[in-house]
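By convention in this document, chain letters (A, B, ...) are assigned in the order of the sequence lines, proteins followed by strands, and residues within each chain are numbered from 1.
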Amino acid sequence: MRNARFLLLFAALIALLTACVAPAPAGAPAAPAAQPAPAEAQPQPTGGQVVIAPGQTIRIGGSFALTGPIPDPGKDIRQAAEIAIDDLNAAGGVEGFLFELVAEDGACSGDQGTVVGNKFAADPTIVAVTGGTCSGETFGLKPILQRARIPFVSPSATNPAITDPECDVCNRVALSDALQGEVDADFVYNQLGLRKVAVMHDNSDYGKGLAEIFQNAFIRLGGEVTNFEGVQVGDTDFRAVLAKIGANQPELIFFGGYSTEAALIAQQMKETAGLENAKFMSDDGAYTQQYLQAAGAAAEGTYMSFVAGDAQADKLAEFTEKYVAKFGVEPSQLGPFHGQSYDSVILIGEAIKRVAKVDDNGNLVIDREELIKAIRATKGLQGITGTLTCNEIGECGAGGVQIFIVENGQFKQIAGFGM
Amino acid sequence: MAVTTYSSTSVRFRQKTTTRWLVRGLGVLILALVAWRVVTVGLAEGYPATFWMSQLINGLVLGGVYALVALGYTLVYGILLMINFAHGDVMMIGGFTGFFALQFFMALGWLQGPAALVALALILIVAAGMFGSVLTGVTLERVAYRPLRGAPRLVPLISAIGASLFLQYSVLLIFGVSPRVYQKPALIEGGFRAGGVFVPYTGLIIFVTSLFLMLMLYLIVQRTKLGRAMRAVAEDKGTAALMGIDVDRVIVFTFILGSALAGAAGVMLGFHNTVVKFNSGFIPGLKAFTAAVLGGIGNIPGAMVGALLLGVIEAIGPSALGIPTEYKDIIAFTVLVLILIFRPSGLLGEVVSEKRA
Amino acid sequence: MALLEARGVTKVFGGLVAVSQVDLTIEERMIASLIGPNGAGKTTFFNCLTGLYKPEEGDILFDGRSIIGLRPDQITALGIARTYQNIRLFGSMTAIENILVGQHVRLRSTPLGAILQTPFTRREEQRAEKRARELLAFVGLTGKGDMLAKNLPYGDQRLLEVARALASDPKLLLLDEPAAGMNPRETEAMMHLIHRLRNELGITILLIEHDMKVVMSISDRVTVLDYGKKIAEGRPEEVRNDPRVIEAYLGPGILAETHP
Amino acid sequence: MLLPSVQRGLRIGAIAFAILTYLVLVGLPLRLGDLALPILAGAMALFFWLALRGGKSKQDVFNRQPALLFTAGLSGGLTAGLLIAALLAVFVNLTSSGVRLQPIFDKMTPPNLAALYGVAPGAIVGGELSPLAWLQQALLLTVASGVGAALVLVERWARGRPTPRISALRWIPLLLPIALFLFVLWLGMPGVTFGGNNRGTIRLLAAMVTIGAGILALRAAHPGRERQLLSLLYLAGVAYLPFTLDQFQNSVLGIVFIFVMMGLGLNIVVGFAGLLDLGYVAFFAIGAYMYAFLSAPFSSPWLSAQLQSLGIPANAPLLSFWMALPITMLAGWIGGVLLGIPVLRLRGDYLAIVTLGFGEIIRLFMLNLAELTNGPRGLLNIAPPYLFGYNLGNPRDIFILGLIGSAVIAFSAYRLDNSRLGRAWIAMREDQDVAQATGVNLVRTKLLAFAIGALFAALAGQLYAARQTNIFPENFSLFVSIDALSLVIVGGMGSIPGVVLGALALKGLPEVLRGVDEYRIVTFAALLVTMMIVRPEGIIPSTRRRRELHEEAEPVVGEDVPSVLERLAPELKSDNPDGGKK
């Protein structure tokens with residue numbers, strides 16, 4: 001009798017299994033959005049069209065790291081995106097249709113990225129996505145948006161693997177870490193003429209990746225890397241690791257990571273034997289007002305690199321003014337990527353303008369496949385980080401790295417590369 | 001009284017002799033391996049003696065901060081047998097309060113004044129931080145822990161986790177995400193050199209203060225009437241209540257003591273490392289908890305010893321073993337595991353359990 | 001051959017000698033009692049027998065084999081079961097489940113067998129449940145099997161402890177103050193039960209008891225401990241009149257008051 | 001009597017003021033827009049209702065008198081109202097005189113303040129508010145507190161009336177899940193516009209409540225035929241659910257059920273065996289990484305080099321999802337035993353911190369052993385599960401796999417709970433020493449608990465890796481352990497259906513709360529604390545299985561219930577004719 005029940009249960013499980021094996025009927029009636037078709041087994045699905053009725057908005061999704069390990073840059077990126085939406089709307093939107101930002105919290109994590117991606121994919125009114133903030137989060141978005149045929153432009157995900165030839169919806173304005181690391185190493189070796197450096201990173205995807213690229217490039221140039229040490233995001237006491245580095249007396253410390261840690265390292269270096277006269281250099285994650293404030297006097301004479309290319313000073317000033325007026329805070333107080341965020345939204349908006357058509361009923365129609373191509377085809381768009389041109393795999397960043405030195409509590413540009 | 005019995009009961013099992021020797025042998029082996037590694041790798045790097053001295057000082061300062069927080073953990077644990085997971089965040093609140101007090105005194109211009117005035121201001125800032133922490137700690141006890149007295153052991157733990165998240169993210173919402181930066185007054189800026197070893201003033205202050213506060217705490221618990229009441233409540237709440245001790249008051253007092261120490265730690269850490277952020281209490285809190293367990297939770301000198309040991313291990317360990325610093329937490333936790341394998345109730349934990357048996 | 005033979009058992013805690021050079025021999029199907037003032041080392045001696053403590057000196061032979069150094073669960077498997085002075089049931093389990101835990105060493109089913117409910121496991125569980133009900137009936141708790149142990153009245157908890165101990169099929173049962181805290185009627189029933197354990201189940205019994213009425217009326221032999229040393233041994237009436245015992249208890253007046 | 005009532009009112013008012021201040025400081029008014037003031041007033045009324053109804057017995061005396069109750073309510077309301085109005089006035093004055101509050105209070109922007117007055121932000125900046133506008137706030141809040149006090153009276157009046165006892169009431173919990181399920185189906189119909197942009201979220205919430213209500217209905221049903229029928233309905237409904245939901249809802253429920261799988265495993269360790277494990281994420285990580293190594297060896301520099309040297313092409317998965325299952329399970333098992341051995345002697349909180357350390361060690365190794373794990377850059381392009389060439393990597397199929405996994409694990413856990421091993425676990429949890437003396441081999445029993453728990457977590461980890469297709473060390477932080485432990489405790493320690501409800505509440509609810517994005521962690525944390533205070537035993541406390549089928553209800557237990565011994569005693573004497581009656 002009980003054996004029979006066991007068999008029955010087993011049979012039920014098998015039945016359940018087979019139920020999910022059987023392909024879902026095309027356009028399952030209950031589901032508002034078509035179920036994602038299997039990615040590789042069948043030919044690339046097409047996305048169809050987004051039809052926006054008069055009075056409705058053009059909805060652009062945003063995946064921002066509002067909670068999680070680095071909420072500061074996430075908030076900055078979101079607010080910059082809102083400014084961009086305001087600007088697009090102030091310029092009249094598309095044929096009278098206004099833009100709307102649908103902000104979601106990607107929490108800088110892969111599983112939240114997945115959930116956000118699915119939320120956007122399930123919403124037939126989402127036209128395109130800006131984000132995600134972190135690379136892990138963007139990896140969560142990537143496969144889902146690819147299946148759903150929703151293009152995205154990430155302002156700040158720098159992992160080289162985010163874009164690839166297989167993925168036609170994947171774009172970013174941020175530069176892959178590779179360029180920045182190479183330029184920084186070249187600057188330290190050739191311009192500063194230093195031969196012996198120590199490399200630190202914060203063990204984040206971004207920081208460690210950059211630090212590794214810097215290290216490899218520097219060794220290739222012929223320099224010596226005395227230490228390669230990791231710390232953790234959120235650490236505040238770096239004296240022990242600095243003492244260890246100090247014993248080897250490097251001429252410079254390169255740090256891959258974000259501003260708070262960078263500032264503390266710059267500060268605590270000064271107290272460390274062997275590092276009193278060493279220079280300090282960090283990356284675009286640390287190129288913020290926050291760094292200047294937190295490091296105080298210790299910031300003087302330190303170097304920062306920033307992926308900005310031919311930044312358009314007047315556009316940036318205009319943006320900053322609007323930002324302060326709306327949010328009451330300087331964008332650079334929060335994080336480095338506001339420019340990229342603004343540009344990625346503008347990039348999406350301009351592409352939509354190119355492909356959107358008004359049909360006979362007065363609806364705005366956007367063809368998803370055309371939009372994907374239109375974003376890829378962006379050329380010479382004037383953003384605040386520079387002139388944006390997307391290449392064949394979706395690297396749209398204004399290709400340049402600038403190097404700054406801190407003088408009298410201000411960043412001063414001393415070198416620029418690749419513009 | 002507790003429904004779920006996680007605590008040790010009166011009867012303890014003996015260890016089989018063979019196992020005991022096996023464990024001891026293993027311990028000796030591990031020690032030998034570590035020593036070998038230190039000699040062949042760590043010392044072979046040829047660091048100067050001043051390097052080891054300055055690492056030791058870094059470790060002691062770090063340990064001093066851990067100790068102040070660990071004492072709070074240990075106090076609350078000793079009395080309520082609960083892990084106050086939000087204790088690190090209580091410290092963070094102290095850091096924030098101290099920051100605002102610092103801004104206030106800077107606005108008054110006290111910090112540019114004569115040394116005595118600066119010193120007075122500093123003491124007042126620390127006091128403000130302690131006040132902020134005490135307020136938070138007592139509120140927490142009243143709102144999140146007191147209704148749970150007598151519930152199974154894990155329930156207050158979950159409540160504490162909730163409280164911890166609530167504190168962190170409330171601070172995030174109210175004060176925003178940017179870190180607050182402490183400006184050190186000139187009096188405690190920098191440090192001095194002793195035989196080629198740099199000692200920051202703030203570090204010295206932290207270490208001395210933590211020793212002093214621990215001593216005070218020990219005296220309060222051992223010598224005063226309230227301390228005696230605390231020990232009585234720790235032994236047995238029911239009996240203590242029968243003896244006319246107001247258990248609620250004693251528990252509140254415990255939270256006041258623990259939170260005050262955490263608040264002092266928060267402010268001093270703020271001066272030492274210059275930033276406070278909404279989540280800057282979490283990692284020190286976790287480490288302090290580890291330290292408290294390492295020393296034998298519920299034991300005041302144990303918390304101190306555990307914290308200093310943990311700090312020194314974190315500072316010296318990676319260099320001595322010749323491995324990258326990102327492994328420092330692995331070293332710290334491995335030491336914890338090893339120590340607990342050989343001494344299952346922490347370094348000084350036995351003292352307590354004997355007293356309670 | 002004696003079922004249990006303890007030779008020169010000594011247990012020291014720090015500086016305190018809790019049990020000192022105690023010899024004890026128990027024959028099969030005997031009801032033996034261990035008495036003595038509070039702190040005489042009776043429970044410590046029990047803990048040595050069941051493997052909770054390891055004695056510093058001496059040897060304990062059970063069924064002819066030394067049990068020194070065995071784990072408590074191994075000793076239980078050999079056939080020694082016990083109850084506790086302060087009742088220690090598994091409070092949040094039902095009465096039947098407590099007895100099923102008692103049968104643990106006699107059952108063989110594996111986790112995988114339990115998940116798949118193999119015929120072997122099923123049969124074994126059925127047998128175990130049947131046996132648990134029988135034991136419940138034996139101690140007179142029929143109908144209370146589904147109550148949580150902590151909800152049982154005090155006297156029933158004592159009985160359940162006995163049933164749990166019986167579940168492991170012991171040859172020797174150690175009862176630590178079985179009649180403590182009971183009223184005279186309950187005590188009498190407990191004495192009756194102890195007799196039945198020996199007469200119907202053939203179990204040898206060693207008990208610690210303060211209630212002299214119980215000790216004197218059911219014991220075949222009484223051993224008296226004082227300050228960890230054995231000071232007297234013999235039939236109840238012999239021990240009762242032993243001057244050393246009277247001295248240890250400071251007269252018969254104290255005798256009654258030692259009852260907790 | 002009047003004075004204590006006013007005192008009490010003042011105290012409550014002070015607390016209400018603190019709460020209102022908090023809500024203003026975190027920027028809630030800005031979020032709520034025009035509705036800010038009414039909602040704050042509603043919150044105030046609710047708070048006064050809660051605060052005034054539960055008085056200690058001493059205070060009940062004046063609680064019973066409406067006049068005194070109103071005195072308390074109004075004095076409290078006046079306090080809170082005036083204080084908050086004064087505070088707002090200070091903020092507004094500072095703002096209008098050009099002081100920027102934002103460096104200190106992030107949310108104290110003119111729009112936030114303006115929302116409280118229902119005026120344009122410009123009016124705040126320009127200082128154009130009349131003094132009357134401030135008093136308006138105080139007045140509204142005072143009235144709200146009076147409403148709260150009145151609510152107490154209404155409640156008391158309602159309670160005083162006899163509640164109607166209708167047996168049909170029992171059908172409400174039984175039929176609720178069915179009604180909810182129909183609601184979910186209706187919401188899914190294309191033409192339904194209910195809820196507007198939030199329709200998907202409402203539907204998700206409804207689906208989650210359906211699952212939870214179904215479990216509660218099963219418990220409310222009479223054992224026997226009724227429960228069997230309901231179980232069948234429930235299983236059918238849950239099995240059909242994935243096919244009705246869209247991919248967002250499926251993906252949320254997918255992660256919920258991955259956590260159910262994990263929670264069921266942790267429930268064995270913590271709930272059954274009583275071993276507090278704060279590093280449970282380690283096994284989840286082991287499962288995920290093991291599958292990642294087998295499925296995407298090309299992502300790991302060391303592994304791909306090894307494979308190439310062996311002549312095996314490293315650009316394809318080594319094993320499929322199904323073939324990897326046994327290996328992942330074995331890895332989890334070994335991980336559990338390896339953790340178990342060193343901690344055998346540890347108890348309670350020592351165990352907690354060592355397991356926490358173990359979890360951190362595993363995460364840090366994954367972060368730092370970059371040659372093997374690719375460090376923070378993670379293992380990419382992990383293969384989703386395939387069955388007969390059909391890709392199961394989409395949210396719906398992952399949800400179904402999660403359901404199946406949860407069902408299998410729940411079934412196993414249930415069987416184990418009622419087995420010899422399960423009894424040994426609980427005995428060990430209750431009293432470790434007695435359990436050993438009763439014959440339980442502690443070493444074996446503990447190791448089995450760790451190993452089986454770890455095995456289930458590893459399964460969950462493998463499914464997680466297959467769902468994400470890219471995994472990073474940051475996915476396996478301490479917070480995952482905390483989440484898992486919280487859901488076990490919120491659900492009810494040792495309770496299997498409780499784990500499902502706990503996971504729905506802890507992993508599902510935050511997704512529903514997405515609408516309040518930045519407030520969701522605070523809301524969640526407050527809910528967690530409240531939950532622990534209101535219902536510390538969890539949503540569904542675990543119960544022991546009945547083995548004797550004759551009792552309807554447990555007999556009343558009290559001091560005066562005679563024990564069996566007492567009842568048997570006369571019988572023994574056999575001279576008492578009353579003896580032996582039951």
Proximity breakdown for D:Leu367 and chain A, heavy-atom pairs closer than 4.5 Å
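Its backbone and side chain both get close to chain A.
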Counting only heavy atoms closer than 4.5 Å, note whether D:Leu364 contacts chain A via side chain, backbone, both or neither.
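For D:Leu364, side-chain heavy atoms alone lie under 4.5 Å from chain A.
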N-O pairing of A:Lys326 and A:Asp86 below 4.0 Å
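Yes, A:Lys326 and A:Asp86 are salt-bridged.
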Electrostatic pair D:Arg467-D:Asp397, nearest N-O below 4.0 angstrom
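The answer is no: the pair does not qualify as a salt bridge.
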Side chain, backbone, both or neither: which part of A:Gln232 has a heavy atom under 4.5 Å from chain D?
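The side chain, not the backbone.
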With a 6.0 Å cut-off on the ring centroids, do A:Phe228 and A:His201 count as close?
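Judged by ring-centre distance (under 6.0 Å), A:Phe228 and A:His201 do meet the cut-off.
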Does the plane of the ring in D:Phe91 sit parallel, tilted or perpendicular to the ring in D:Phe105? Use 30° and 60° as the thresholds.
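It falls in the perpendicular class, over 60°.
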Between D:Phe476 and D:Tyr464, what is the ring plane arrangement, given parallel below 30°, perpendicular above 60°, and tilted in between?
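Correct class here is perpendicular.
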Give the member of A:Asp111, A:Val102, A:Thr114 that has the highest number of heavy-atom pairs under 4.5 Å with chain D.
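It is A:Asp111.
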Picking from A:Ser135, A:Pro160, A:Pro143, which has the most non-hydrogen pairs under 4.5 angstrom with chain D?
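Looking at each option in turn, the highest pair count goes to A:Pro160.
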If you tally heavy-atom pairs under 4.5 Å against chain A, which of D:Asn368, D:Asn470, D:Thr469, D:Leu187 wins?
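Looking at each of D:Asn368, D:Asn470, D:Thr469, D:Leu187 in turn, D:Asn470 comes out on top.
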